[in-house]
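Comments concern the structure below.
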Amino acid sequence: MTFLRSVVGKLWLTILLLVSFVLFILTIMLLEFFQNYNALEMKKDLTNTAEKIANVLEKHPNEKLPLGLEISWEIIDKVNKVVIVKNESEIYYSPNTDNSKRLSLTDIKNDPKLSQVFTKDLSVEKISTLAFNDGEKEAKYSIIGVPLHLPGEEKSAVFIYQSLEVMQETTHETTKFILLVAGVAIILTTIFAFFLSTRIAAPLRKMREAAFEVARGKFDTKVPILTHDEIGELATAFNQMGRQLKFNMSALSQEKEQLSSILSSMADGVITFNRDGTILITNPPADRFLQYWYYEMGGFSSDSEAIPPEVMELFQQAVDTEAEQVGEISFQGRHWVMLVSPLYSNRFIRGAVAVLRDMTEERQLDKMRKDFIANVSHELRTPISMLQGYSEAIVDDIAESQEEKKEMAKVIYDESLRMGRLVNELLDLARMEAGHLQLTMEEMNIPSFINRIIHKFQGLAKDNEIHLFAEIENGIISISFDPDRIEQVLTNLIDNAIRHTPKGGSVKLSVTSEDKGIMIRVKDSGSGIPEEDLPFVFERFYKADKARTRGRAGTGLGLAIAKNIIDSHRGHISVQSKLGQGTTFSFLLPRK
């Protein structure tokens, strides 16, 4: 394709098409001429031969007929076939006629054209398709019929026929010859085109290659000056252009590298605007800012020239007031602080530069700090209030009997245990999230481990009139995990299931085998978890509706700790629940 787009290629293609068109027309005309000429000559030859045979037979009637036939067979060519009809009972075929390819008297009489030899005593000619009983396909034959006047015979005739394949062979040979001439013409045309390429197109090709090299940044490329004509002058101008481009690009490249290094090394986003608000330069943090905004608007095109309206408003204020402007913008869950300053060209403002600082992490840390303080304060407020109230009752001698004092002391003891449990769980969760959780992996027997856990909770289940049982799939024997940590997970899940299941309900602990490990499920028939609360059950201090919790309330940290333990085992934990239909907690322990 590259050659065809070149000057030489177009010239070669033009000459080639011209020669091909002329040869095509000439071929059609010659073939038509030769075909008509051959057909006419064949018809004349066949007619003359048939008339000669008729004359010979008419001169040798009756007893001399065998001699006339012998002379007739000498007259015909090898490709001609002759049928001599003396009468309906005497028909003679030329010796070169195969028995399977004979033109029968029936075929002649059934043909309206050929039968005119008998009925109208006329010479006839016809091109007909004949199909013989030798399995070959139908072929076209030229058939000539001449009346034969023999003494005592009324319906006599001579028929000679020849296949048109002979004429077609002549046409094929002519076509081959013309194609040979066309091939020679095409070769000569190609040689002529390449000769032109060495004289005219070679300098142009070198200039084209040099131009591509310059486009790739190789400004040292020079074009050799081979001639002193217009092409040579063009090569000289091209070389001068390359030297000037190299100088200018070197200067621009140095400035661009300095600016790019400064912008790329900045943690803050930088956007430079033209006077009309068009974006000129951005750095990677600014690109990310714009991508977030494009996505927020429903698109994701980095070629868009649109900018957030808040940034445009600050830009207009900075240009109008010629003073720095500060603002904030939030979308896609991220927060940015913007500082827009005007840019000057001599004494005129030519645009502005916006500096964007991503404050998302700082805001999140601040929110986490506030939430943590609020949650811990909320969890500690109740036990501290109870400790204070009951201790004041004991100090003020409100409790008169010894039993009342013991009851108050027990409440104080329980609340102190609750506070200690909250602090310990906070410390455990902090160590886990900091990556300081150390697992002691052991190969544990699953049936005995599960039965021990079930046995531990049987007393609590009986007290609450709940049926607690386990189902272990056959074939599960052992797997490697930290038994203390997994027991902590199961303790939390079973304890939650018992506390949220009404009397008469059931809690089932099932163990099944999967491709990647074993799946442990804790399913209860309790009140269930609302759909809007399901995404948050594994967060710290999360508690569902406490009105559904029977007995002592938890700290809201158990499921968060359980999730961290399962994650440390490279597994995953999930929950499925519907109100009034119970809850199922599932976690996978991988084999490796």
Side-chain angles (χ1 to χ4, degrees), residues 1-20 183 185-266 269-291 294 299-306 343 345 350-351 353:
M1 291 300 293
T2 305
F3 174 73
L4 293 179
R5 294 195 188 105
S6 64
V7 176
V8 176
K10 292 178 181 178
L11 180 61
W12 171 76
L13 186 60
T14 302
I15 298 174
L16 184 62
L17 290 176
L18 180 60
V19 173
S20 300
I186 291 173
I187 293 173
L188 293 177
T189 304
T190 305
I191 295 173
F192 176 68
F194 282 103
F195 172 75
L196 287 179
S197 69
T198 59
R199 302 294 298 172
I200 299 176
L204 296 178
R205 192 184 306 114
K206 291 185 180 297
M207 270 188 244
R208 183 196 62 186
E209 295 172 356
F212 282 133
E213 293 295 325
V214 171
R216 297 188 187 100
K218 297 180 180 180
F219 300 106
D220 293 330
T221 305
K222 291 184 179 181
V223 178
I225 303 173
L226 302 177
T227 60
H228 298 283
D229 52 8
E230 290 82 357
I231 295 178
E233 293 176 359
L234 179 61
T236 303
F238 184 88
N239 293 335
Q240 292 177 355
M241 180 191 67
R243 287 192 296 268
Q244 190 63 34
L245 277 175
K246 180 181 179 182
F247 175 78
N248 294 337
M249 292 302 296
S250 297
L252 289 174
S253 179
Q254 291 179 1
E255 295 183 3
K256 183 179 179 181
E257 288 177 0
Q258 292 176 0
L259 180 61
S260 178
S261 299
I262 294 172
L263 291 177
S264 299
S265 61
M266 293 181 63
V270 177
I271 304 177
T272 303
F273 298 96
N274 202 350
R275 174 77 185 187
D276 58 358
T278 304
I279 297 176
L280 297 178
I281 301 174
T282 60
N283 66 342
D287 292 335
R288 289 193 292 271
F289 166 79
L290 293 176
Q291 290 292 339
Y294 295 149
F300 205 79
S301 173
S302 59
D303 297 329
S304 177
E305 294 295 334
L343 292 176
S345 176
R350 62 180 179 86
V353 58

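P285 and M266 make their closest contact through CG-O, 3.8 Å (heavy atoms, listed as atom of the first residue, atom of the second, distance).
The salt bridge (charged side-chain N to carboxylate O under 4.0 Å, His left out) pairs that include a residue from residues 270-289 number zero, where partners must be two or more places apart or lie in different chains. Residues in residues 236-261 take part in these salt bridge (charged side-chain N to carboxylate O under 4.0 Å, His left out) pairs, two or more places apart or across chains: D220-K246.
Between T272 and I279 the shortest side-chain heavy-atom distance does not fall below 4.5 Å. Residues F273 and L343 are not in side-chain contact: their nearest non-hydrogen atoms beyond the backbone lie 4.5 Å or more apart.
With rounding to the nearest 0.5 Å, the separation of CG in L245 from OG1 in T221 is 11.5 Å. Summarising the geometry, atom CD belonging to Q244 is positioned 13.5 Å from atom CG belonging to N239; distances are rounded to the nearest 0.5 Å. To the nearest 0.5 Å, atoms CG (N248) and OG (S253) are separated by 12.5 Å.
Formation of a donor-acceptor pair under 3.5 Å by the N274 side chain with backbone atoms of G277 is not found in this model. Panel note: side chain S264, backbone S261; no donor-acceptor pair is recorded below 3.5 Å.
Between I271 and the options N283, L280, T282, a side chain to side chain contact (heavy atoms under 4.5 Å, CB included) holds for only T282.
Under the rule for a side chain to side chain donor-acceptor pair (under 3.5 Å), the partners of E213 that lie at least two apart in sequence or sit in another chain are R216, K218.
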